[in-house]
Engineer: 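Sending over a structure as structure tokens; questions will come in a sec.
From a predicted model like this one, the values you see are computed outputs, not experimental measurements.
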Amino acid sequence: MSFVEKQAKTVDQAIELALAELNASAEEVLIEVLDEGESGGLLGFGRRPAKVRVTMTKEAKAKREAEIASEPDELGFTDYREVNEPEDYRERLADKFEKQAQDISDQEPDSKLERNKQHDRRQRNRDRRGDKRRTDRQGRQDRSERKLRNNRRQGRNFAQHEAKSEDKPERKYAVLSKDEQKVMEERCLDFLAAIFSGLEIHGTMASFYDDEGVLHVEVDGDELGHAIGRGGENLEAIQYLTTLAMNKGREDYFRVLVDIGKYREKNSRMLRQRAEDAAYRALDTGRQQSLPPMSASDRRVVHLTVASIEGVYSLSQGEEPRRRVLIRKSQ
């Protein structure tokens with residue numbers, strides 16, 4: 001800073017402040033009084049401070065800069081460019097930069113050739129990426145074809161398994177007289193009454209024979225959920241035990257169907273709707289539809305429903321109790 005301006009109550013005080021800031025003596029500066037100020041009237045009203053401008057002389061400024069340049073810095077080093085720089089330092093530095101630039105220029109290939117090389121490298125990279133994408137795409141197609149072949153092979157195996165099942169000798173169903181039907185009906189009702197009594201389930205039972213000679217037993221009452229079970233599991237267990245009890249010691253097969261709280265009727269409506277939805281999805285998408293595992297009686301409902309829809313067919317897969325129905329589009 002070559003000059004400063006200061007204000008104070010008096011001119012002398014303003015000069016002292018300026019000299020202190022410049023760290024100079026009165027002989028090294030030029031003093032210019034800008035405003036002598038006024039002391040003001042009664043109680044200091046109208047007072048105006050004095051203002052001065054103090055400027056370092058050229059001689060004092062040059063001397064100060066020379067002293068600063070000759071003094072070592074905080075680390076004890078001097079400015080080598082100002083003090084220890086050889087006379088030909090700048091010329092040798094310029095020659096060094098020029099030589100380095102020349103070496104770099106000599107090493108650079110022709111710009112057009114370099115552009116061609118870069119273009120070739122980019123093209124090879126694109127070709128490699130394209131080959132990789134084509135390979136991946138072909139790999140996915142091969143996997144899809146293998147999966148399709150496996151599905152078809154499994155489908156033939158399922159069909160063969162179903163055919164083997166159908167090749168089994170047909171079961172001989174019991175043909176009963178009126179008196180025999182009455183006896184079997186009473187036995188069945190007594191057996192079911194004992195089961196429901198053990199389960200502490202109270203209700204009413206109604207029974208009848210259909211045209212095919214199948215005995216139907218319908219149980220109605222309150223709080224029958226425990227007897228039905230989750231997904232009809234308990235109902236199927238009761239059905240199985242009743243069938244075993246009614247056919248014990250018989251050569252022919254006595255058919256009985258137990259229903260609790262009209263569960264089978266409601267479940268049949270749901271199964272038919274589910275089978276229709278899956279069959280139409282198979283028609284629309286051409287993809288195999290798989291239904292969850294279900295009992296033999298439920299699978300029969302699904303098979304009958306699918307058989308009534310043109311363009312699809314159904315088959316069973318797996319072993320009990322995980323046997324399920326598959327629905328496929330006809331070829």
Engineer: Answer yes or no: is there a side-chain heavy-atom contact under 4.5 Å between Val52 and Glu32?
Structural biologist: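 No, side chains not in contact.
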Engineer: Following the transitive rule for hydrophobic clusters with a side-chain heavy-atom cut-off under 4.5 Å over Ile, Leu, Val, Met, Phe, Trp and Tyr, establish whether Leu192 and Phe254 coincide in one cluster.
Structural biologist: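 Yes; Phe254 is reachable from Leu192 via cluster members.
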Engineer: Supply the atom-to-atom distance Asn23 CG to Met56 CE, rounded to the nearest 0.5 angstrom.
Structural biologist: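 If we round to the nearest 0.5 Å, Asn23:CG and Met56:CE are 8.5 Å apart.
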Engineer: Quick one: are Leu30 and Val54 in side-chain contact, heavy atoms under 4.5 Å?
Structural biologist: no
Engineer: When you compare the side chains of Glu185 and Ser207, does any donor N or O come within less than 3.5 Å of an acceptor on the partner?
Structural biologist: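 Result is yes, a qualifying pair exists.
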Engineer: Does Tyr209 belong to the same Ile/Leu/Val/Met/Phe/Trp/Tyr cluster as Leu257, with side-chain heavy atoms less than 4.5 Å apart forming each link?
Structural biologist: no
Engineer: Write down the atom of Val301, the atom of Thr305, and the distance for their closest heavy-atom approach.
Structural biologist: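 Reported closest heavy-atom pair: O-OG1, 2.8 Å.
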Engineer: Between Lys6 and Glu21, does any side-chain N to carboxylate O distance fall below 4.0 Å?
Structural biologist: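 Glu21 and Lys6: salt-bridged.
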Engineer: Nearest 0.5 angstrom please: Lys51 NZ to Asp35 CG, how far?
Structural biologist: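 Nearest 0.5 Å value for the NZ-CG distance: 8.0 Å.
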Engineer: Distance check, rounded to the nearest 0.5 Å: Leu244 atom CG versus Thr242 atom OG1?
Structural biologist: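 Those atoms lie 9.0 Å apart.
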Engineer: Do Ser314 and Arg299 touch side chain to side chain, with heavy atoms closer than 4.5 Å?
Structural biologist: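 The answer is no; the side chains never approach within 4.5 Å.
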Engineer: When clusters are formed by joining ILVMFWY residues with side-chain heavy atoms under 4.5 Å apart, either directly or through shared neighbours, do Val258 and Leu199 land in the same one?
Structural biologist: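 Val258 and Leu199: one cluster.
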Engineer: With a 4.5 Å cut-off on side-chain heavy-atom distances among I, L, V, M, F, W and Y, is there a chain of contacts connecting Val312 to Leu271?
Structural biologist: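 Yes: a chain of side-chain contacts under 4.5 Å links Val312 to Leu271.
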Engineer: Kindly work out whether a path of hydrophobic side-chain contacts (I/L/V/M/F/W/Y, heavy atoms less than 4.5 Å apart) joins Leu17 to Val11.
Structural biologist: no
Engineer: Let me confirm one number: the OG1-CG distance from Thr55 to Leu22, rounded to the nearest 0.5 Å.
Structural biologist: 8.0 Å
Engineer: Inspect the contact between Glu218 and Lys262 and indicate whether a charged nitrogen and a carboxylate oxygen are less than 4.0 angstrom apart.
Structural biologist: no
Engineer: Measure from NZ or CZ of Arg255 to the centre of the six-membered ring of Tyr173, then state whether that distance is under 6.0 Å and the direction lies within 45° of the axis.
Structural biologist: yes
Engineer: Is it the case that the side chains of Ser316 and His303 hold a donor-acceptor pair, with the cut-off being a distance below 3.5 Å and no angle test?
Structural biologist: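 The criterion, which ignores hydrogens and geometry beyond distance, is satisfied for Ser316 and His303.
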Engineer: Using a 4.5 Å cut-off on heavy atoms from C-beta on, say whether the side chain of Gln239 contacts that of Val256.
Structural biologist: yes
Engineer: Using a 3.5 Å distance criterion without hydrogens, assess whether the side chain of Ser197 forms a donor-acceptor pair with backbone atoms of Ala193.
Structural biologist: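 Checking the backbone N and O of Ala193 against the side chain of Ser197, no donor-acceptor pair under 3.5 Å is found.
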Engineer: Can you find a side-chain donor-acceptor pair between Gln317 and Arg324 that sits under 3.5 Å?
Structural biologist: no
Engineer: Closest heavy-atom contact between Ser297 and Glu236?
Structural biologist: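 Shortest heavy-atom contact: OG-OE2, 3.7 Å.
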Engineer: Taking all heavy atoms of Lys329 and all of Tyr313, pick out the closest pair and write down the distance.
Structural biologist: O-CE2, 3.8 Å
Engineer: Between Glu319 and Arg323, does any side-chain N to carboxylate O distance fall below 4.0 Å?
Structural biologist: no
Engineer: Identify the heavy atoms of Ala278 and Ile327 that sit nearest to each other, and give their distance.
Structural biologist: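 In this case the closest contact between Ala278 and Ile327 is CB-CD1, 3.7 Å.
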Engineer: Taking Asp210 for its side chain and Leu215 for its backbone only, find out whether a donor-acceptor pair lies under 3.5 Å.
Structural biologist: no
Engineer: Any side-chain heavy atom of Leu189 within less than 4.5 Å of one from Val217?
Structural biologist: yes
Engineer: Is any side-chain heavy atom of Glu276 closer than 4.5 Å to a side-chain heavy atom of Ile309?
Structural biologist: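 Yes; the side chains approach each other to less than 4.5 Å.
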Engineer: Phe208 vs His216 aromatic rings, parallel, tilted or perpendicular, using cut-offs 30° and 60°?
Structural biologist: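 Aromatic pair Phe208/His216 classed parallel.
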Engineer: Answer yes if the side chains of Gln181 and Ser177 hold a donor-acceptor pair under 3.5 Å, and no otherwise.
Structural biologist: no
Engineer: How far does OG1 of Thr204 sit from CG of Asp220, to the nearest 0.5 angstrom?
Structural biologist: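 Interatomic distance, Thr204 OG1 to Asp220 CG, rounded to 0.5 Å: 5.0 Å.
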Engineer: Is the side chain of Arg274 donor-acceptor paired with the backbone N or O of Leu291 at a distance under 3.5 Å, no angle test?
Structural biologist: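 Answer holds: no.
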Engineer: What are the two closest heavy atoms between Asn234 and Gly229, and how far apart are they?
Structural biologist: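 Residues Asn234 and Gly229, closest heavy atoms: ND2-CA, 3.4 Å.
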Engineer: Main chain of Ala282, side chain of Arg328: is a donor-acceptor contact present, judged purely on distance under 3.5 Å?
Structural biologist: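 Side chain of Arg328 to backbone of Ala282, a donor-acceptor pair under 3.5 Å: no, none is there.
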Engineer: Looking at Asp259 and Tyr263, would you say the former's side chain and the latter's main chain have a donor-acceptor pair under 3.5 Å?
Structural biologist: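 Here the side-chain-to-backbone pair exists.
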Engineer: Minimum heavy-atom separation for Val4 and Ala18, please, with both atom names.
Structural biologist: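 Residues Val4 and Ala18, closest heavy atoms: CG2-CB, 3.5 Å.
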